[in-house]
Amino acid sequence: MRLRQSNKKKRFGLPDYGLDLDNSDADSAQPRADSSDEDEFVVDATAADEEEADEAQSEHSEQDDNNDDNDFSRRTGDSTGKAVKAAKTAKVKAKAKTPGRSKGDRFDKSEHAFTEVPPYPSDPGQRWTRSYLGPIKRWTRFYELVDWWFGDKPDRRFVLDGFLKLWWQHDLIPPKLTSQPRLLIAQSGWMPNNFCDDQRSKFRKLYDDRFAHQFQQQISTPIDKAAASHWSIPQPRGGLDVLLGHVSDQKLYHIQQGESIPLSDTGHPIGDEDDEAIVTGGWLVDVGGIPISIAWAPSQGPVSQLLAIGIAPFSDQAYYQDLKDSPKESEQKEGKVQILRFEAVKGRRGIFRPSRRAPNITQSLCFSWGRVSRIQWCPVPLAAEDATRLLGVLCVDGKLRIIGVQNVSEQDSHESFEEIKQPMILLEPPKEYSIEITCFAWINMNRVATGLSDGSVIVWSLSPLRILQRHPIHSTAIMDIVSGYPSDPFLISTVPIGGVLTLTDLSRPSAETTYHPNMMVSLQPNLLSWSPHLRGFASIWPSAFAGNPNLTFLPVRGFPLCRHLITVTGQPTCISIGPCHPYILTGATDGSIWVFNTLRKLSSHREKTMKVKLFQHEFRTPPPLNTQNSGEEVTSRGVCRVLQGFLPEPNSHPTGVKMAETQRLNRERNMKEGQTKNKGKGKASRKPAGTQSKTPGQPEGEVDEEAAMTTGPGPIVLYEPQTRITTVAWNPNVEFSWWAAAAIGSGLVRVMDIGAEPYTKRPDKDVLESDEEDEEEPDIDIADDNDEDEEGGDVDMASDEN
């Protein structure tokens, strides 16, 4: 094709945006776009001369084109040639009439300059500047979510069918499983059935080859009970008065440090004279300090359950009128970890229940590294014949220590006290300025991931001891880190003090990293948990609101789009999802414990699910010492009350329900105004108050959770510090998976058996499973063609596969 002469001589260059890329700021400072005093649009003289030359050349080209057009018009018709000629002549005249821009059409540099950074919106009610745009929506049905969340698993529908048959019918608490096939499904999850046995054999081989030599380097000294009490934790002043029983008939009990009260399955105390037919449902133990962290020991088989508790004295978190009276840093170098043994009895159906025998302290580990911050067992379940377990202990000095804990025989009921002088393995952060380990998580039996105070994550190898990876993930200290063990061990989620909730694949950290778009502020640990069956993380809703009472679920394949789980009355302090079931425990500042089925909650945004409060704890401090008689001995450090027997409640967000009701009223008002708008002429239309803009593709009548989760359902309430639930933990052993432990700020630890009894129509006999376990239950391929029934609470779980 033939080109014009003017096009051959044109030169194109980048526009000037006020960015000096060649010179430094010290050499030449570019003026800001909004500070320019020029009022006219200035055109370069050279460019103007070239433009005039192009126009002149264009006129000569137009004459040549006119000659060509004449030839073309002779062949195609005079009318077509004249139209083409008139269009080109008008184009040349338009160029001649527009030499520059008028004053009203001047270039607005303040709007288009690249040096201008728009301010970040501070109003939480505004739309987020970062949002998720993908195939998964909040109103996506469950059968589609299965393909999105578990699409990398070829047998996803078969595995999900097994999960639904186990837990779909139980909306509040997990069922007590007895049959071996069902126990195997609950234990394995997405892993092969022989996964636990294979991990156990690998751990034994690793211990014999490497860990045994490192365990010999651990230095410990046996001490007596009196020395342990003086060495590790200051003794609390007096016992604790506890009000237990039915709300209409509560009785006062006095409990001392190390004592326990057996509880029935309804939560009422069991006395020595009570009938033996009363079913035991747990214990209430006084540990004599603030239980900072708790962890169940993974085990295999029907053995006694071990619970490790990290304890800090009450004086560390007490209120002092004068800071000089507070304990000095030099006085807080002692730490202690207690390991309690809880015995179980086997029922007639093969269900393990708590024994009436009081739990005993098998081991007390004392050291001089500082107060305990976090404790975690190695996740590999071991048997009674295994000699040593691995316990990770993180202290306030910012160092992680792996301690070898020897198994104690079931027949040995004596308490042993040890002073650990040198751990089995010591993990020290790099020697940089003010760098400490703030949290850690086991990746497997020989890998540990630690979060640092500078926002980076380090992956350690225990044997041989070395740093494998270090990744800068956040810019602030990491508050929580959790691994996706066992199905996705190298997927870790991290929560910073300030920033975004992040998911990182340690196998490809530079490429596989994602985060939730909402900025968040998190000052509370123990608010991140992994669900091995749903393959996702439960955490506090990402928000900068200080009184955020909402919890959310973030699936691995769809991490930026979270789903609402629960809203508590206070502020959440701890959460835990069962390793052998999808039920979640939530503790709050008001002393309440909530539990519900996460699988049912996440199945549909319209599914009406329930939640139940297990118990409510309240604490009151004793009168000040100066108001008591000087000669009177202090016998109580406070009074607490435990309430239970609460009815289930709808698991919905109060703010979201309120917004949905506002939208419904606005739609009704708009319909009425549309019917009568022709009658009131001259009246301005009134905009409905509180109308929320819709997300593209959002169905009519649905609530946008991004706006609903920015605030809480009510005002922020301050409670007594010792009222709060410090931490909760489900038992990881499948035969005891419905056992749970809740640590309370008053110094109490409650162990609960909260599983649902198998339903049967005949008396209890020697059977291994309930009658209903063989009945047909809903699976993922059940179709529900009536869409109206789905809106009323049923879940459309139709499969689109052939």
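Heavy atoms only: backbone and side chains are in, while hydrogens, waters and symmetry mates are out. Count residues from 1 along the sequence.
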**Q** Indicate yes or no: at least one non-hydrogen side-chain atom of S299 is less than 4.5 angstrom from one of L306.
**A**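 S299 does not reach L306 side chain to side chain.
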**Q** Determine yes or no for a side-chain-to-main-chain donor-acceptor pair under 3.5 angstrom, with S188 supplying the side chain and N194 the backbone.
**A**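 Not at all, since once roles are kept as given, no pair shorter than 3.5 Å links the two residues.
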**Q** I'd like to know if the side chain of T280 reaches the main chain of G282, judged simply by a donor and an acceptor atom lying under 3.5 Å from each other, with no hydrogens or angles considered.
**A**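 No, because the side chain of T280 does not come within donor-acceptor range (under 3.5 Å) of the backbone of G282.
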**Q** Could you report the tightest heavy-atom contact between I725 and S592, atom names first, then the distance?
**A**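 Heavy-atom minimum between the residues: CG1-O, 3.7 Å.
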**Q** Indicate the ring-plane relationship of F215 and Y207, choosing parallel, tilted or perpendicular according to the 30° and 60° boundaries.
**A** tilted
**Q** Under a 4.0 Å threshold between the charged nitrogen and the carboxylate oxygen, would D286 count as salt-bridged to R637?
**A**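 A salt bridge links R637 with D286.
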**Q** Quick test of your reading of the model: are K176 and D753 salt-bridged, counting only N-O distances below 4.0 Å?
**A** yes
**Q** Could you state the interatomic distance from CE (M445) to CZ (F211), rounded to the nearest 0.5 Å?
**A**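 Interatomic distance, M445 CE to F211 CZ, rounded to 0.5 Å: 8.5 Å.
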**Q** Could you tell me the separation between the CG atom of N733 and the CD atom of Q300, rounded to the nearest 0.5 Å?
**A**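 One finds 9.5 Å between CG of N733 and CD of Q300.
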**Q** Any donor-acceptor pair under 3.5 Å linking the side chain of Q376 with the backbone of G392?
**A**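 No; zero donor-acceptor contacts below 3.5 Å.
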**Q** For the pair W190 and D488, evaluate side chain to side chain contact (heavy atoms under 4.5 Å, CB included) and give the outcome as yes or no after the intermediate values.
**A** CA-CA 10 Å; W190 297 93; D488 303 278; over 6 Å; no
**Q** Can you name the nearest heavy-atom pair linking Q257 to V287, along with the distance?
**A** NE2-O, 3.5 Å
**Q** Between G755 and I173, what is the shortest heavy-atom contact and its length?
**A**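 Taking every non-hydrogen atom into account, C-CD1, 4.0 Å.
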**Q** Does the R600 side chain pair with the main chain of W168, one donor and one acceptor, at a distance under 3.5 Å?
**A** yes
**Q** Any heavy-atom pair between the side chains of K336 and S364 that's under 4.5 Å?
**A** yes
**Q** Quick one: closest heavy-atom pair of S293 and S373, and the distance?
**A** CB-O, 4.1 Å
**Q** Would you mind reporting whether I584 and F553 have side-chain heavy atoms less than 4.5 Å apart?
**A**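 No. Closest side-chain heavy atoms not under 4.5 Å.
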**Q** Strictly distance-based, threshold 3.5 Å: is any side-chain N or O of Q305 a donor or acceptor partner for the main-chain N or O of V303?
**A** yes
**Q** Just verifying a value: how many Å separate S531 OG and Y583 OH, rounded to the nearest 0.5 Å?
**A**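 Answer rounded to 0.5 Å: 12.0 Å.
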**Q** Check this for me, if you would: do D197 and R200 make a salt bridge, where the nitrogen-to-carboxylate-oxygen distance has to be below 4.0 angstrom?
**A** yes
**Q** Look only at the side chain of N597 and the backbone of L599, and say whether a donor-acceptor pair between them is shorter than 3.5 Å.
**A** yes
**Q** Compare every heavy atom of K165 with every heavy atom of R182, then report the nearest pair and how far apart it is.
**A** NH1-O, 4.0 Å
**Q** Side chain to side chain contact (heavy atoms under 4.5 Å, CB included) between E334 and R371: does it pass, once the steps are laid out?
**A** CA-CA 6 Å; E334 293 82 10; R371 307 300 192 205; 4.0 Å; yes
**Q** Side-chain contact test, heavy atoms from C-beta onward, threshold under 4.5 Å: evaluate it for R356 versus I270 and give yes or no.
**A**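 Side-chain contact under 4.5 Å: yes.
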**Q** May I have all residue pairs that pass salt bridge (Lys or Arg N to Asp or Glu O under 4.0 Å) and include part of residues 379-388, sequence neighbours excluded?
**A**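 Checked against salt bridge (Lys or Arg N to Asp or Glu O under 4.0 Å) - neighbours excluded - the pairs reaching residues 379-388 are R204-E385, R204-D386.
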**Q** Give a yes or no on whether the backbone of P582 and the side-chain of T598 come within a donor-acceptor separation of less than 3.5 Å.
**A** yes
**Q** Would you say that V285 contacts L748 through its side chain, given a criterion of any heavy-atom pair below 4.5 Å between the two side chains?
**A**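 Counting from C-beta outward, V285 and L748 never come under 4.5 Å.
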**Q** Working to the nearest 0.5 angstrom, can you tell me the gap between E735 CD and C580 SG?
**A** 8.5 Å
**Q** Is there a donor-acceptor pair closer than 3.5 Å between any side-chain N or O of T178 and the backbone N or O of I351?
**A** no
**Q** With a 4.5 Å limit on heavy-atom distance, are the side chains of L240 and F619 in contact?
**A**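 They are in side-chain contact.
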**Q** Check R389 against A383 and note the closest heavy-atom contact, atom names and distance.
**A** NH2-O, 4.5 Å
**Q** On the six-membered ring of F615, is R750 placed so that its NZ or CZ lies under 6.0 angstrom from the centre and within 45° of the ring axis?
**A**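 Yes.
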**Q** Can you classify the ring geometry of W167 versus H533 as parallel (below 30°), tilted (30 to 60°) or perpendicular (above 60°)?
**A** perpendicular
**Q** Picking from L244, L243, V242, what satisfies side-chain contact (heavy atoms from CB on, under 4.5 Å) with L252?
**A**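 Of L244, L243, V242, side-chain contact (heavy atoms from CB on, under 4.5 Å) with L252 is met by L243 alone.
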**Q** Nearest 0.5 Å please: distance from the CH2 atom of W739 over to the CH2 atom of W296.
**A**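 Atom-to-atom, W739:CH2 and W296:CH2 are 6.5 Å apart.
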**Q** Just wondering, do H268 and D249 contact through their side chains at under 4.5 Å, heavy atoms?
**A** no
**Q** Test salt bridge (Lys or Arg N to Asp or Glu O under 4.0 Å) on K202 and D198; report intermediate values, then the result.
**A** CA-CA 6 Å; K202 289 182 179 179; D198 183 61; 3.3 Å; yes
**Q** Calculate, to the nearest 0.5 Å, the distance between atoms CD1 and CG belonging to I255 and L284 respectively.
**A**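 Answer rounded to 0.5 Å: 5.5 Å.
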**Q** Just wondering, are more than 12 heavy atoms of other shown residues or ligands nearer than 6.0 Å to CD in Q256?
**A** yes
**Q** Are any side-chain N or O atoms of T362 and backbone N or O atoms of R341, one a donor and one an acceptor, separated by less than 3.5 Å?
**A**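 No, because the side chain of T362 does not come within donor-acceptor range (under 3.5 Å) of the backbone of R341.
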**Q** Before giving the answer on side chain to side chain contact (heavy atoms under 4.5 Å, CB included), spell out for I577 and F537 the whole-Å C-alpha distance, their side-chain angles and the decisive distance to 0.1 Å.
**A** CA-CA 9 Å; I577 298 182; F537 296 89; over 6 Å; no
**Q** Between I403 and M424, is a side chain to side chain contact (heavy atoms under 4.5 Å, CB included) present by the stated rule, with each step listed?
**A** CA-CA 5 Å; I403 300 177; M424 174 179 170; 5.8 Å; no
**Q** Report yes if the side chains of I443 and Y485 come closer than 4.5 Å at any heavy-atom pair, otherwise no.
**A** no
**Q** Do side-chain atoms of D480 reach the backbone of N526 as a donor and acceptor pair under 3.5 angstrom?
**A**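 Such a contact is found between D480 side chain and N526 backbone.
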**Q** Among F736, F163, W730, whose ring pair (Phe, Tyr, Trp, His ring centres under 6.0 Å) with H581 holds?
**A**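 Testing H581 for a ring pair (Phe, Tyr, Trp, His ring centres under 6.0 Å) against F736, F163, W730 leaves exactly one candidate, W730.
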